[in-house]
Amino acid sequence: MDDKTNPQSPSSFNRRSFLAGAAGGAMFPLAARAAGPTTTTIPSTQDPTLPVPVTLRVNGHDNSLNIDARTTVLDALREHIGLTGSKKGCDHGQCGACTVLIEGRRVLSCLTLALSAQDHEITTIEGLSNGVRLHPMQQAFIDQDAFQCGYCTPGQIMSAIACVKEGHANSDEDIREYMSGNICRCAAYPNIVAAVKQAAPEILSG
Ligand code: FES
Ligand code: FES
């Protein structure tokens, strides 16, 4: 009877023989592909850090980039496109400072891969004004003094626009609940609620 624990045994199967077999098996398919008539192109490298091409449509303009596949929308906006209005507060989906709209829906850009945003319309704080007139929500934040340091404000405004369009600006409680993902360390919350209430009718009628 074969002793399967004896490395000298002809049918022994231990860790060393398994690894040797696995290595041989891994090489074989490559050799077979190289010899066969297939036309499949084998990537020259699998290095995930190599740049990949991506086109992001931001505020109506296409931006062609070559970026690390792990780049977030926030970093693509700030570091590659030069739109620094969207802020990086926590970079962990906790504060809302990075909120942008993708196809009109509010999204935390620090948690969204740029590759997944291809072929979608991204709107940032820079895209709200038409260059002559502020967006009603921007104007309302000014009128209601809805910020102090202003760091959270771009995210607050983007989120507030979506909050109104979602139909969640019908009461102070509603606004507070549906704006609760946007943190303001300056605690301008009462003024933010007032701004959302001011802008809502104009946004909904526009
Ligand atoms: Fe995205 Fe804080 S920076 S949630
Ligand atoms: Fe300062 Fe909101 S205005 S964090």
Side-chain angles (χ1 to χ4, degrees), residues 48-49 52 54 56-59 63 65 67-129 134-166 168-169 171-200 202-203:
T49 66
V52 294
V54 58
L56 295 182
R57 187 161 182 79
V58 184
N59 303 329
N63 299 269
L65 311 171
I67 54 177
D68 186 317
R70 299 164 295 182
T71 304
T72 63
V73 169
L74 180 61
D75 284 340
L77 291 170
R78 292 180 57 85
E79 310 297 335
H80 297 272
I81 301 177
L83 294 176
T84 55
S86 305
K87 299 297 185 244
K88 182 179 283 188
C90 63
D91 209 19
H92 283 81
Q94 300 292 314
C95 73
C98 64
T99 304
V100 301
L101 304 182
I102 297 184
E103 300 294 352
R105 297 181 61 192
R106 47 182 161 173
V107 164
L108 296 174
S109 62
C110 73
L111 295 185
T112 306
L113 288 176
L115 283 175
S116 72
Q118 280 202 105
D119 305 321
H120 296 290
E121 182 69 43
I122 302 169
T123 306
T124 69
I125 190 74
E126 292 93 340
L128 294 183
S129 167
L134 292 176
H135 186 282
M137 192 62 78
Q138 291 175 304
Q139 188 61 57
F141 267 66
I142 293 172
D143 294 345
Q144 299 295 336
D145 206 13
F147 50 88
Q148 291 183 42
C149 77
Y151 197 81
C152 73
T153 308
Q156 298 278 4
I157 290 175
M158 303 310 291
S159 197
I161 292 168
C163 179
V164 169
K165 292 187 173 177
E166 290 162 7
H168 293 138
S171 66
D172 288 15
E173 293 71 28
D174 220 13
I175 294 168
R176 277 196 286 270
E177 175 67 23
Y178 285 93
M179 289 294 292
S180 62
N182 290 78
I183 307 301
C184 176
R185 64 182 293 172
C186 299
Y189 297 115
N191 308 58
I192 291 171
V193 171
V196 176
K197 286 165 64 179
Q198 174 185 316
E202 189 175 346
I203 290 172

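Counting starts at 1 for both ligands and their atoms, in listed order.
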Contact check, side chains of [X] and [Y], non-hydrogen atoms, under 4.5 Å:
| X | Y | answer |
| --- | --- | --- |
| Met137 | Leu128 | no |
| Phe141 | Gln156 | yes |
| Arg106 | Met158 | no |

Report the residue from [options] that forms a side chain to side chain contact (heavy atoms under 4.5 Å, CB included) with [X].
| X | options | result |
| --- | --- | --- |
| His120 | Val107, Thr112, Ile102 | Ile102 |
| Ile125 | Lys87, Gln138, His135 | Gln138 |
| Cys110 | Leu74, Val100, Asp75, Thr99 | Leu74 |

Quick check on contacts: which atoms of ligand 1 are under 4.0 angstrom from a heavy atom of [X]?
| X | value |
| --- | --- |
| Gln94 | 4 (S) |
| Asp91 | 2 (Fe), 3 (S) |
| Gly89 | 3 (S) |
| Cys98 | 1 (Fe), 3 (S), 4 (S) |
| Gly93 | 4 (S) |

With sequence neighbours left out, what residues match Glu79 under salt bridge (charged side-chain N to carboxylate O under 4.0 Å, His left out)? none
Output all residues satisfying salt bridge (charged side-chain N to carboxylate O under 4.0 Å, His left out) with Arg176, sequence neighbours left out; order by chain, then residue number. Glu173
Candidate with minimal heavy-atom separation from atom 4 (S) of ligand 1, of Gly96, Gly181, Ala97: Gly96
Suppose the cut-off is 2.8 Å; how many protein N/O/S atoms fall inside it around atom 2 (Fe) of ligand 2? 2
ring-ring contact (aromatic ring centres under 6.0 Å, His included) against Tyr178, all qualifying residues, sequence neighbours excluded: His168
Counting only heavy atoms, which portion of Thr99 has something under 4.0 Å from ligand 1: side chain, backbone, both, or neither? neither
Non-hydrogen atoms of Ala114 and Ile67 that approach each other most closely: CB-CD1, 3.8 Å
Is atom 2 (Fe) of ligand 1 less than 2.8 Å from at least one N/O/S atom of Cys90? yes
For atom 2 (Fe) of ligand 1, decide whether Cys95 has an N, O or S atom at a distance under 2.8 Å. yes
